[in-house]
Structures are given as C-alpha cells and as structure tokens.
Amino acid sequence: MQYQSQAVAKPYFIAAIGLFVLQILFGLIMGLQYVVGDFLFPEIPFNVARMVHTNALIIWLLMGFMGAAYYLVPEESETELFSPRLALVTFWVFLAAAVLTVAGYLLVPYATLAELTGNHLLPTMGREFLEQPTITKIGIVVVALAFIFNVGMTVLKGRKTAINLVLLLGLVGLAVLFLFSFYNPTNLVLDKYYWWWVVHLWVEGVWELILGAILAFVLIKVTGVDREVIEKWLYIIIAMALISGIIGTGHHYFWIGVPEYWQWWGSIFSALEPLPFFMMTVFAFNMVNRRRRNHPNRAAVLWALGTAVMAFLGAGVWGFLHTLSPVNYYTHGTQITAAHGHMSFYGAYVMIVLTIISYAMPLLRGRKVAASNKSQVLEMWSFWLMTVAMVFITFFLTAAGILQVHMQRVMDKPLPFMYVQDQIALFYWLREGAGLVFLIGLIVYIASFFIGNNEPEAEVVPST
Amino acid sequence: MTALTQTNPAGQLNRYPPGDLAIWIFILAELAVFAIFFATYAFTRMNNVELFNQFQQHLDRDAALINTLALITSSYFVVRAVAAIREGASQICVRWLLAALGMGVLFLAVKSAEYGHHFSAGINLSTNSFYMFYLSLTFFHFMHVIMGMVILAAVALKARRGGYSIEDHTGVETGASYWHMVDLVWLILFPLVYVMH
Amino acid sequence: MVALTLVTYSIGRLGLSGLDIALGVLLLALIKGHLIGAYFMGLNRVQGFWRWPVTIWLLLPGLLITIAFVLAEG
Amino acid sequence: MNEVFTKSMARNIFYGGSLFFILLFLGLTFDTTRQLPKLDNRQAITDKVALGKALWEENNCIGCHTLLGEGAYFAPELGNIYKRFGNNKAAIKGFIMSRPKDGIPGRRSMPQFNFTDEELDAIAEFLKYSSEINTAGWPPNIQG
C-alpha cells in the first residue's frame with residue numbers, strides 16, 4: 001500500500017464479502033423453493049428471497065467497485081485520496097441503506113414497504129432488479145455522486161492514466177444510467193424500453209469499462225508488463241465492448257412491443273458481443289505469459305485469469321447461445337436465461353471484484369506483497385470450488401432450460417408451465433447440490449482470511 | 001491499375017498493413033458487422049423473393065451509380081493523398097484529401113435526396129422487410145461515410161499545419177485505410193441491394 | 001473500376017434478372033472489392049496474416065450470398 | 001513505423017466508436033418512439049390499467065412471474081394470461097382470490113394478497129392491456 005488513504009477500501013471489501021454471503025444463503029433458499037414449493041412459505045415467499053438474492057448481488061458488486069476505485073485511484077494518480085473522511089461517511093450511509101432495505105424486504109410485506117416509503121409519490125418500485133424503495137434509490141444517487149466527486153477530484157489533482165480515466169468514465173456512466181430507474185411510465189412498453197437502459201447498459205456497457213480498468217490495473221501489478229501495452233489493449237477491448245454492446249441492447253427488444261427491426265439489429269450486434277470477451281481472455285493470458293516477474297500473490301493471478309475465462313464462457317458463449325432472435329423466440333424467459341445470468345454475473349463481475357480483493361486485501365492488512373502460502377492455497381481451493389460449482393449450476397440450469405423449452409414451447413401439444421416445472425425437478429435438485437458446493441467454496445474463501453496469518457509471506461518461486 | 005500502385009520501395013513486403021494496427025482491428029470488426037448484415041439480407045430475401053424483387057425496382061439506381069462513382073473516385077483521391085505525403089508534399093496531400101471530402105459530400109447529398117424521397121413517400125423501417133434492410137444497411141453505411149469524413153477532415157487539418165512528414169505519416173494511412181473500408185462496403189452493398197435480383 | 005461499375009449499372013438499368021446475371025454482378029463486385037483491398041489499401045504489399053482479412057471478408061459473404069440466391073431460385 | 005499499434009489511436013477508436021454507436025442507438029430510439037403508438041396498445045391505457053400496473057408493482061409480481069418474458073422464472077408467464085384464461089377477466093380475479101393463505105403443502109403457491117374487488121378488477125384490466133401489446137408473435141404458444 002503506497003498511500004495512507006487507500007485504507008478506506010478495506011471496509012468496502014469487508015462489507016462486500018458480507019453481502020456476498022447473504023446473497024448465497026438466499027440463493028440456496030430460492031433453489032430449495034424451486035423443488036419444495038412451500039419451504040418458508042408464507043414467511044419468506046420466493047419473490048422476497050429473490051429480491052434479497054439479486055439486490056444483495058448488485059449492492060455488493062457496487063461496494064466492490066467502490067472499494068476497487070478507492071484502492072486503485074490514489075495509486076494510479078500518485079496522490080492521496082481527495083477526502084478519505086467523505087469516503088468513510090458514504091460507506092456507512094451506503095451500508096445502512098442496504099441493511100435497512102433488506103430488513104424492509106424481510107420484515108414487512110412488499111406492499112406495506114411501498115406504502116411506508118411513499119412509493120405513490122414517485123413510483124419506481126416493483127420492477128425487476130429495481131425493487132428498492134424510491135428513497136433507497138435516491139440514497140444510491142447521493143452516495144454515487146459523493147463517490148464520483150471524491151474519486152474525480154483525486155484524478156484531477158493527480159496523474160491521469162488510461163486506467164483512471166476509463167474507470168471514472170465507467171462510474172459516471174453507471175450513475176447517469178441509473179437515473180433512468182426513476183422513469184416509470186404506465187405504458188408498459190416504454191417502461192421496459194428504458195428499464196433496459198439501466199439493466200443492459202450497466203452490465204453490457206459501462207460495467208465492462210470498470211471491469212476492464214480493474215483487470216488492467218491488476219495485470220500491470222502482477223505481471224510487470226509495460227503500462228503502454230496494457231492500456232492500449234484496454235482501450236481496444238472496451239471499444240469493442242461498447243461498439244457491440246450499445247446496439248446489442250436490441251437483443252432485449254425482440255418481444256416487448258417495439259418495432260420488429262430490433263430483431264435484426266439486436267441479433268447482428270449481439271452476435272459480436274462475445275468478441276470483446278474473447279479478446280479479454282487472449283489479452284489476460286498473453287500478459288501473464290509475457291510477465292516480467294513472478295508475483296508472489298499467485299491467488300490474484302489465478303482470479304484474474306479466471307475472470308477472463310469465465311466472463312468469456314458466461315457472457316460470451318452462454319450469451320450467444322440464445323441471443324439470435326429466432327432462437328430467443330423459444331428461449332426467452334426460461335431457465336436458459338437463468339443459466340446465462342448466473343455464469344455471466346459470476347464470471348465477469350463477481351470474479352473481478354474477488355480479483356481486486358485478492359490483490360489488495362493482503363496489502364490492506366499490512367502484508368508487504370502477498371498473503372502467506374497457506375492462506376493462498378486455501379483461497380485457490382475456494383476459487384476452484386466456487387468456479388466449478390458455478391459451471392455445474394449453469395449446466396444444470398441449461399439442461400432444465402432445454403427441457404422446459406421443448407415441453408412448453410416446441411412440442412406439438414405444449415404443456416402448462418407448472419406441469420413442466422415438475423418434470424424438470426431433478427435438475428433443480430442437482431442445481432441445489434451444486435449451490436451447496438458453492439457455499440462450501442465461499443466458506444473456504446472466508447476461512448482463507450483467518451488461517452495462515454501468523455505464517456511468513458509467500459515468496460516468489462523462481463521459475464525456470 | 002499500375003498508376004494506383006503504392007509507392008513503397010519495390011519488392012519489399014511489409015508485415016503490417018498501412019496505418020495504425022488499431023484501426024485495422026476496428027476495420028475487421030466493422031467488416032464483420034457488414035458481412036453478417038449482407039448475409040442476413042440475402043437469406044431473408046431467400047424467403048421473400050417476390051417482395052424484395054418488387055420493391056428493389058423502386059430504388060433509384062441512377063443515384064446509386066453516382067454514389068458508387070463518387071466513392072471510388074474519392075478513394076482514388078485518398079490514394080493520391082497518401083502517395084503525396086510519402087514524398088513529403090503536405091499541401092498536395094491536403095488538396096487530394098479535400099477533393100476526396102468533396103466526393104464524400106456529393107455522396108451524402110445524393111443519398112440524403114434519396115432518403116428525402118423515401119420519407120416523403122411515408123416509407124420507414126417498419127414498412128416491410130425489404131425497406132427495413134435497405135434503410136438499415138444504407139443508413140448504417142451513411143453514418144460510416146460521415147465518420148470517415150470526420151476522420152479525413154481531421155487528417156487534412158493536421159496535414160495543413162504540417163503535422164505529417166515523410167518519416168511520420170501513419171495518421172494519413174490510418175484515415176485512408178478507414179475510408180477505403182467505407183468504399184469497399186459500398187461496393188458490395190450497391191449491387192446486392194440495388195441490382196441483384 | 002469505373003468500367004466495371006458501369007457494367008453493373010447498365011445491368012440494373014436494363015432490368016436484367018436471373019440467377020446467372022445476379023451472380024455475375026456479384027462476381028464483378030468481388031473483383032472490384034479485391035482491387036480496392038489489393039491496391040488502394042495496399043494489401044498486396046503486405047505479407048502474412050494481415051494480407052488476407054479483406055479477401056476472406058469478400059469471399060465469405062460472397063459465398064453466403066451465392067448460396068442464398070441459389071436456394072431462392074431452387 | 002516503429003510503433004505499429006499506438007495507444008492514442010486505440011483511445012481515439014474507443015471515443016469515436018462509442019460516440020458513433022451512441023448516436024446510432026439514439027437514432028433508432030427516435031424512430032422506435034415514433035412507431036410505438038401503432039404497437040404498444042396505448043389507447044387501452046385507462047386509469048384502471050394504471051392502477052393495475054401500480055398494484056402489479058407494489059406487490060412485486062415480477063418477483064415470481066415473467067411479463068412479456070421478463071422477470072422471475074418461478075411462476076407462469078402473464079403477458080398472455082388473459083388469453084390463456086379464455087379472454088375471461090373473472091377467471092383471473094377468481095384465481096387470485098382463491099389462493100390459500102398458508103400455501104399448498106409441498107408445492108409452489110401464490111400468496112393471498114387480500115385485494116378488494118376494485119383492485120382485482122384493475123389487475124385483470126392491466127393484464128388484458130398487456131396481452132394486447134404487439135409482441136411480434138411471442139410467445140410461441142398459449143402456454144407462454
């Protein structure tokens with residue numbers, strides 16, 4: 001750690017991991033409800049568990065992004081953070097808002113929460129992923145503004161690198177696009193059209209800038225490859241991401257009541273969306289192969305490479321699988337979508353946050369370069385457990401999805417939804433099993449922070 | 001064609017195409033989009049031959065001819081501009097670039113007139129699948145022409161200030177490569193959409 | 001180039017149709033495209049990997065278009 | 001030509017390319033907005049439909065169901081439920097009303113929301129409106 005103020009990243013990372021655990025626990029509850037329909041009913045109905053699962057994910061990824069920004073921006077700018085105090089204040093505000101919101105979901109019925117928070121004044125609730133009460137949304141905007149102000153001022157007074165600028169651009173885009181969550185017309189088609197400006201343009205647009213910037217930062221640190229080389233690749237990759245991703249929004253506009261030309265525009269551009277992820281994989285492996293040094297933090301290198309591979313598989317391959325409109329006609333809104341959603345969020349965004357945590361946490365905890373060998377071995381075990389579990393979750397959901405599509409959409413005498421769900425229950429059981437393995441991986445991951453702290457730092461294994 | 005041949009030292013082959021390699025990665029991505037677009041056009045036509053043939057007749061082939069000639073000429077001017085800067089003649093290079101830009105303006109003017117004609121006839125993207133493809137493809141290309149012209153203009157401005165030399169003229173080659181790509185795409189687009197049936 | 005374009009144009013003007021004509025027009029376009037790639041873009045002076053993208057780009061959609069047109073006839 | 005691939009060119013492509021596609025996207029959005037009145041069934045939007053949509057949102061129906069294929073995959077698609085129930089609003093109302101408070105042992109069940117008759121009517125009206133949006137022929141069949 002080169003700058004004192006980088007330390008503010010630590011509470012962000014810890015809170016992120018905490019919310020990660022919450023997310024996985026509720027994921028397991030939902031998984032069980034898929035096969036034991038009345039599990040926890042009516043105390044925690046499925047929709048509540050799902051809100052906690054998805055919102056916790058979004059919040060902890062945002063926490064991770066913020067922590068990453070607070071960690072890497074001072075180092076890139078070669079100056080202390082503009083205001084570490086502001087960063088801590090926003091942290092507590094953000095965490096309090098998140099905890100209160102989740103408590104609201106769990107303690108009162110959703111309709112009561114809507115009433116209590118005055119949803120009728122500015123109705124924004126009750127849309128997928130944007131279920132937060134309006135007041136929480138306003139809180140998110142305030143936190144985001146304070147955060148961007150803080151990071152922006154730091155960049156302004158310090159060195160401006162490509163990584164800095166791309167990260168900042170991604171964060172500003174994130175905040176600006178979030179404003180569309182306040183637009184909720186009664187016209188369902190318009191509602192959906194602009195809802196995607198938040199959801200799609202986040203995950204397949206500006207978040208990719210953040211992802212690219214963090215990955216580039218970690219690769220510079222762990223490989224020692226020349227900054228010029230890494231930064232120009234960063235630009236090319238994010239250029240491809242936006243070029244394909246912006247019009248690629250069209251792949252959500254196939255069946256929601258907008259003109260049919262979106263089927264063509266959406267199919268053609270989203271067919272290119274795997275390209276930036278493919279380039280990212282090539283890039284990450286290339287840089288590691290051209291490394292100038294062997295970094296003692298082998299776990300961080302593993303996470304970085306894992307991100308590139310899993311993002312390509314989850315977002316690229318599994319996305320392409322059902323992105324063409326003639327295919328999507330049958331797969332839209334089935335377990336295929338769920339399969340893609342799981343692997344792409346894990347591969348692209350969960351793993352990049354875990355990458356930066358893996359790189360930064362030992363330094364934030366007072367190590368010079370890396371954690372002890374023992375901690376790292378545990379961490380790498382958790383990497384494999386979670387990643388392999390996620391691959392299996394994706395396989396099982398894909399299998400369930402294919403069967404669902406066949407029975408419910410393709411067969412001559414299509415079967416009703418609930419009947420089909422019973423038929424494919426086996427795969428939901430298997431998915432739940434894989435989910436448990438994921439939880440074990442997560443426990444091992446957390447253990448890696450507590451075990452091996454008394455041992456000496458890992459040293460570079462000289463390579464031949 | 002010999003007059004158009006590049007003025008590199010004879011017999012020497014390069015490892016990389018002229019211009020910055022980054023633009024070539026971009027060009028490949030763009031070409032890929034157009035290739036998919038062309039193929040989808042052809043396959044959609046396969047299922048609606050009648051419709052496509054019927055409405056294809058409504059297009060203005062005279063305008064398209066002028067535009068094809070405009071783009072080819074313009075590309076040729078750009079080749080001359082690159083040749084000029086390779087000999088260090090900045091001001092000649094600027095003149096050729098301006099000439100190329102002029103042809104670009106001609107293209108835009110003719111194409112805009114065509115669009116004006118379509119729109120006043122109430123034709124839009126949702127009219128039928130032929131017009132969907134015709135308008136999408138040509139408009140997407142139209143925007144590329146504008147983009148290419150912005151790039152050429154930027155290059156011309158820098159050249160006018162003497163920003164390029166015999167040793168360092170990658171910028172000119174980069175802009176030129178992009179412009180040729182725009183031309184290349186139109187060369188396929190023209191027969192495919194206007195003529196073939 | 002100009003001459004080839006004029007041929008294409010007159011085919012359009014005369015309203016000629018049919019599979020062979022259409023494919024002939026396509027062939028002319030591919031030749032023109034190749035000339036652009038080889039001479040204007042200067043790819044005939046490039047060796048190795050980068051020499052081929054434009055050629056491949058011409059051939060691949062060319063092939064697909066041909067298939068589609070042939071199938072449309074049959 | 002010592003540098004075949006420069007950072008500044010990569011940066012220019014990023015900014016130029018992104019701007020280009022943002023403009024294209026806005027252009028398509030503009031055209032979509034102009035075409036929408038013909039497709040989105042907006043003439044059917046009444047106060048009742050608006051109330052129905054508000055209830056749909058404030059009870060987080062999207063947390064289990066999909067609507068035009070978007071939402072959760074735990075319960076059936078509702079974009080065409082009006083048609084699946086035989087264009088019968090009473091059937092929709094009856095189904096929502098009849099959900100047992102404590103669920104069905106071992107099976108998935110919709111919660112009992114205790115809606116008033118006016119609210120049920122509004123929800124049914126909202127679902128009727130949704131089913132008449134022009135969705136390019138989706139879903140493939142009545143099962144959603």
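Computation of the quantities below employed the complete heavy-atom set of this structure, encompassing side-chain atoms and omitting hydrogens, waters and symmetry-equivalent molecules. Note on naming: letters A, B, ... go to the chains in the order of the sequence lines (proteins, then strands), and numbering restarts at 1 for each one.
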Are any of the side-chain heavy atoms of [X] and [Y] separated by less than 4.5 Å?
| X | Y | value |
| --- | --- | --- |
| Phe43(B) | Ile67(C) | yes |
| Gln47(C) | Asn14(B) | no |
| Tyr194(B) | Val25(C) | no |
| Tyr16(B) | Val46(C) | no |

Heavy-atom proximity to chain C below 4.5 Å, by part of [X]:
| X | value |
| --- | --- |
| Leu28(B) | side chain |
| Val78(B) | neither |
| Ala32(B) | backbone |
| Ala176(B) | neither |
| Ser75(B) | both |

For Asp62(B), all residues meeting side-chain hydrogen bond (donor to acceptor under 3.5 Å, both in side chains), sequence neighbours excluded = Tyr9(C), Arg13(C)
Take Ile65(C) and Met196(B) through the test side chain to side chain contact (heavy atoms under 4.5 Å, CB included) and record every step on the way to the result.
-> CA-CA 10 Å; Ile65(C) 293 168; Met196(B) 286 169 69; 4.0 Å; yes
With a cut-off of 6.0 Å (strictly less than), are more than 12 heavy atoms of other residues, nucleotides or ligands near NE2 of His118(B)?
->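 Atom NE2 in His118(B) is crowded, with more than 12 foreign heavy atoms closer than 6.0 Å.
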Does atom NE2 of His58(B) have more than 12 heavy-atom neighbours from other groups under 6.0 Å away?
-> yes
Testing the basics here: between [X] and [Y], what is the closest heavy-atom pair and its distance to 0.1 Å?
| X | Y | result |
| --- | --- | --- |
| Ala35(B) | Pro61(C) | CB-CG, 3.7 Å |
| Ala39(B) | Leu64(C) | CB-CD1, 3.7 Å |
| Met181(B) | Met41(C) | N-CE, 3.4 Å |
| Ile36(C) | His180(B) | CG2-O, 4.0 Å |

Counting heavy-atom pairs under 4.5 Å with chain C, the top scorer among Ile36(B), Val49(B), Ile72(B), Asn53(B) is Ile72(B)
Looking at Arg15(B), Arg61(B), Gln56(B), which has the largest count of heavy-atom pairs under 4.5 Å with chain C?
->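 Most pairs with chain C among the choices: Arg61(B).
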Side chain, backbone, both or neither of Leu43(C) within contact of chain B (heavy atoms, under 4.5 Å) = side chain
Going by residue number, which parts of residues 51-59 of chain C are within reach of chain B, meaning a heavy-atom gap below 4.5 Å?
->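 Hits under 4.5 Å: Pro53(C), Val54(C), Trp57(C), Leu58(C).
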Salt bridge (Lys or Arg N to Asp or Glu O under 4.0 Å) contacts in which one or both residues fall within residues 24-51 of chain B, not counting sequence neighbours |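 Residue pairs passing salt bridge (Lys or Arg N to Asp or Glu O under 4.0 Å), neighbours aside: none found.
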May I ask you to decide if the ring planes of Trp50(C) and Trp24(B) are parallel, tilted or perpendicular, using 30° and 60° as cut-offs?
->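 Ring orientation, 0 to 90° scale: perpendicular.
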Quick one: ring-ring contact (aromatic ring centres under 6.0 Å, His included) partners of Phe77(B), sequence neighbours excluded?
->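 For Phe77(B), the residues satisfying ring-ring contact (aromatic ring centres under 6.0 Å, His included) (neighbours in sequence not counted) are Trp96(B).
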